[in-house]
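Worksheet: one structure, shown below.
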Amino acid sequence: MTQSNGRRLPVRDDILRLRPYRSARDEFSGTARIFLDANENPLGSAGGGALNRYPDPAAAKLKEAAARLLKVRPEQLFTGNGSDEIIDLLFRVCCRPGYDKAAMITPSYGMYRVCADIAGVETVEIPLNSEFDLDLELTSRILAANPEIRLLFLCSPNNPSGNLLCRDKVLSLAASFNGITAVDEAYIDFAADPGLADCPEKYPRLVIIRTFSKAWGLAAIRLGLAIADPDLIRILNKVKLPYNINGLTAQAALRAVGRAADKETFVRTIVAERQRLARELEQLDAVVRVMPSDANFLLVRMSSARSAYEQLLAAGIVVRDRSNLPGCEECLRISVGTPAQNRRLTAALKTAGENP
Ligand SMILES: *Cc1c(COP(=O)(O)O)cnc(C)c1O
């Protein structure tokens, strides 16, 4: 039986009992000279490149490298086909469709809601306060009123508001909530805060989600990480598709982790540019307010989001109109670009102010 600090993990009973598929690479992982166990092509790969063998289903080398980087143990790590796969798996592992519910902050990343909907799991939205931070009292009240909630999704720094959630509030929820608390830290590299990677050690129902899609500049390889209690990691491993991390992705990620200084340089450049861009935007007539950001984007309240969006589009610049999310009235979400791109952006918005 799966135990965490003496308590059973709050996941579906049938998933706890599930006997997972065992692939050829699970059954035999020692050293042999001739592999005739997986019906692979022994001759090579069409188009070249040694890609004819199935990849390691445990992505062990990648986890060792990532664990060193994050200062956690490899058995605390799960690797997913993007963090999107991790988000999807958490809803399916924690919540029985039709019985259990999942809660998520609002406004936040749209994938949480979509994954819950696809899994047939009813959702409860928890509004953030006017500063886009957690309202601890309201959150606790909603959780207490809905004992069916088994999974709570938080995002810090939050998309689309850009701010970190208060660390003490997050940890207080992780301690008091008896379901799984997931904190999506896709943007944590851009924040002046190390994030919560070290916390699952003390909070066995806490899952931290990271991605290679943003600061690392590797959105195309589709790689996300979950940091959690090893018991929960084992459950995620049982449920995932056997070869969810393909060989090319593992190669590219290992290369990147070996060059973590590249990522640090990206982050420094983008954070400096974020600050510069925020100051420039604040000067513009079309801009009402630039929200404080700990991420690689800015949430900007415009006098009219719609006309600003169209003006930008006419200049060949596409941003995200987030006006219809709660608390984001007349807001555009603008990714920080290169210095040249950001100059084009502010120039296009300046013209917008001049045309009545
Ligand atoms: C961009 C983003 C991700 C990244 O998802 P991947 O599937 O890893 O590319 C995760 N969470 C949030 C909130 C994001 O904005």
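In each ligand, atom 1 is the first atom listed, and ligand 1 is the first ligand listed. Please read all numbers here as calculations on a predicted model, not as lab measurements. All residue numbers in this chain count up from 1 along the given sequence.
- Ligand 1 lies out of reach of Gly224, whose nearest heavy atom is not under 4.0 Å from it.
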*Do Leu281 and Thr346 pass the side chain to side chain contact (heavy atoms under 4.5 Å, CB included) test, and can you show the C-alpha distance, the side-chain angles, and the key distance before you say yes or no?*
CA-CA 7 Å; Leu281 287 170; Thr346 42; 3.9 Å; yes
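- Interface atoms of ligand 1 facing Gly82, defined by a heavy-atom separation under 4.0 Å, are 7 (O), 8 (O).
- The closest protein non-hydrogen atom to atom 5 (O) of ligand 1 is Ser83 OG, 3.2 Å.
- Inter-residue side-chain proximity for Pro326 and Glu125 is flagged as unmet; no heavy-atom pair is nearer than 4.5 Å.
- Of all protein heavy atoms, the one lying nearest to atom 15 (O) of ligand 1 is Tyr187 OH, 2.6 Å.
- Hydrophobic clustering (ILVMFWY, side-chain heavy atoms < 4.5 Å, transitive): Leu232 and Leu173 are in distinct clusters.
- Here the heavy atom of the protein found nearest to atom 9 (O) of ligand 1 is Ser213 OG, 2.6 Å.
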_Is there a side-chain hydrogen bond (donor to acceptor under 3.5 Å, both in side chains) between Asp262 and Thr265? Walk through the geometry before answering._
CA-CA 5 Å; Asp262 288 359; Thr265 306; 5.6 Å; no
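- At the shortest separation from atom 14 (C) of ligand 1 among protein heavy atoms lies Lys214 NZ, 3.3 Å.
- Below 3.5 Å of separation, one finds an N or O of Asp84 facing an N or O of ligand 1.
- Looking only at heavy atoms of the protein, atom 11 (N) of ligand 1 is closest to Asp184 OD2, 2.6 Å.
- Under a cut-off of 6.0 angstrom, the local environment of OH in Tyr243 is crowded, with over 12 non-hydrogen atoms contributed by other residues, nucleotides or ligands.
- Heavy atoms of Phe212 come nearer than 4.0 angstrom to ligand 1 in no pair at all.
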Going by atom type alone, with no hydrogens or angles, which donor-acceptor pairs under 3.5 Å involve a side-chain atom of residues 69-78 and a protein atom two or more places apart or on another chain?
from, atom 1, to, atom 2, distance (Å)
Arg73, NH1, Glu75, OE2, 3.3
Arg73, NH2, Glu201, OE2, 2.8
Gln76, OE1, Arg73, N, 2.8

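- Near Cys155, meaning under 4.0 Å from one of its heavy atoms, ligand 1 places the atoms 13 (C).
- Ligand 1 places these atoms under 4.0 Å from at least one heavy atom of Ala186: 2 (C), 3 (C), 10 (C), 11 (N), 12 (C), 14 (C).
- Here the two rings, on Phe91 and Phe153, have centers that are under 6.0 Å apart.
- Under 4.0 angstrom from ligand 1, the non-hydrogen atoms of Arg222 all belong to its side chain.
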Which pairs would a plain distance check flag for residues 206-215, meaning a side-chain donor or acceptor within less than 3.5 Å of a matching protein atom at least two apart in sequence or in another chain?
from, atom 1, to, atom 2, distance (Å)
Arg210, NE, Glu185, OE1, 2.9
Arg210, NH2, Glu185, OE1, 2.9
Arg210, NH2, Pro194, O, 3.4
Thr211, OG1, Ser213, N, 3.0
Thr211, OG1, Ser213, OG, 3.1
Ser213, OG, Arg222, NH1, 3.4
Lys214, NZ, Tyr187, OH, 3.1

